[in-house]
Amino acid sequence: QVQIVESGGGLVQPGGSLRLSCAVSGSALSLFVMYWYRQAPGKQREQVARVTRGDLTTYEEFVEGRFTISRDNAKNTVYLQMNNLKPEDTAIYFCNANRITGLGEEFDYWGQGTQVTVSS
């Protein structure tokens, strides 16, 4: 059973930084494409960043240049370094692990999320 646990959220002032962690257990992290999503109050969940099995990273435009996603397969952990945070970054941040096998089977796992609040 794959489990995902996010941590590192909290309250930070505008312009501040946080680093979120996503610990994966029950399977090797190296099997998965990893994503960070977020959901603000009253809004739909949206993708923030992605890191592939080969360490290729992609970002949504609204975080490009401010956020950095990385993975440490040895520690089974994915990170999201968030710099120059803005009030509009306030949301619950979720980690997602996704894998599609050679047979076309899809495995998709979510954590419970961690709250990030950007406010003065």
Side-chain angles (χ1 to χ4, degrees):
Q1 179 77 7
V2 175
Q3 292 190 322
I4 294 179
V5 178
E6 302 98 333
S7 61
L11 173 64
V12 63
Q13 292 187 342
S17 298
L18 284 174
R19 188 176 83 153
L20 306 183
S21 297
C22 166
V24 177
S25 60
S27 186
L29 181 68
S30 59
L31 295 174
F32 296 94
V33 179
M34 298 300 298
Y35 298 81
W36 283 99
Y37 285 78
R38 70 185 187 186
Q39 188 167 17
K43 294 189 177 181
Q44 297 219 351
R45 190 172 298 190
E46 60 186 0
Q47 184 175 321
V48 174
R50 178 189 73 156
V51 58
T52 68
R53 294 175 61 189
D55 263 341
L56 179 67
T57 59
T58 57
Y59 301 91
E60 295 303 308
E61 186 176 340
F62 49 80
V63 301
E64 183 80 51
R66 299 188 297 124
F67 290 11
T68 303
I69 188 171
S70 61
R71 65 191 297 156
D72 186 338
N73 289 340
K75 295 182 177 180
N76 258 30
T77 302
V78 176
Y79 304 97
L80 185 68
Q81 178 66 44
M82 306 186 295
N83 298 328
N84 191 21
L85 283 160
K86 304 176 181 180
E88 52 264 42
D89 294 319
T90 295
I92 300 174
Y93 283 71
F94 297 90
C95 183
N96 170 255
N98 186 271
R99 176 190 176 199
I100 301 176
T101 70
L103 297 176
E105 297 174 289
E106 184 172 12
F107 297 88
D108 197 64
Y109 304 98
W110 291 88
Q112 294 295 314
T114 185
Q115 176 71 47
V116 171
T117 303
V118 185
S119 175
S120 55

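Just so you know, residue 1 is the first one in the sequence shown, and it goes up from there. Small disclaimer: the values here were computed from a predicted structure and weren't measured.
Using cut-offs of 30° and 60° on the angle between ring planes, the pair Trp110 and Phe94 is perpendicular.
Residues Leu29 and Val78 are in side-chain contact: their nearest non-hydrogen atoms beyond the backbone lie under 4.5 Å apart. The closest side-chain heavy-atom distance from Leu85 to Gln13 is not below 4.5 Å. Side chains of Arg66 and Asp89 form a contact here, defined as non-hydrogen atoms less than 4.5 Å apart. You'll find the side chain of Val118 stays beyond 4.5 Å of the side chain of Lys86, heavy atoms only. Contact of the Ser27 side chain with the Phe107 side chain is not registered, since no non-hydrogen atoms from C-beta on lie closer than 4.5 Å.
Separating the CD atom in Glu88 from the NZ atom in Lys43 is a distance of 8.5 Å, to the nearest 0.5 Å. Separating the OG atom in Ser30 from the CG atom in Asn76 is a distance of 7.5 Å, to the nearest 0.5 Å. To the nearest 0.5 Å, atoms CD1 (Ile92) and OG1 (Thr117) are separated by 9.0 Å.
Minimum interatomic distance between Asn84 and Ser17 (heavy atoms only, all atoms of both residues): N-OG, 4.3 Å. Residues Thr52 and Arg71 approach most closely at O-NH1, 2.9 Å, considering heavy atoms. Of all non-hydrogen atoms in Arg50 and Ile69, the two that sit nearest each other are O-CG2, 3.6 Å. Heavy atoms only, all atoms of each residue included: Ser120 and Pro14 are closest at N-CD, 3.7 Å. For Glu64 against Tyr59, the heavy-atom pair with the smallest separation is OE1-CB, 3.6 Å. Considering all non-hydrogen atoms of both residues, Ser21 and Trp36 come closest at O-CH2, 3.7 Å.
Under the 4.5 Å side-chain heavy-atom criterion for Ile, Leu, Val, Met, Phe, Trp and Tyr, Tyr79 and Met34 are members of distinct hydrophobic clusters.
Looking at Glu6, its side chain does come within 3.5 Å of a backbone N or O of Gln112 through a donor-acceptor pair.
Atom CD of Glu46 has more than 12 heavy atoms from other residues, nucleotides or ligands within 6.0 Å. Residue Gln81 places its CD atom among more than 12 non-hydrogen atoms of other residues, nucleotides or ligands, all under 6.0 Å distant.
Screening residues 19-100 for disulfide (SG to SG under 2.5 Å), with sequence neighbours left out, gives Cys22-Cys95.
Tyr35 is linked by a ring pair (Phe, Tyr, Trp, His ring centres under 6.0 Å) to Tyr37, counting only residues two or more places apart in sequence or in another chain.
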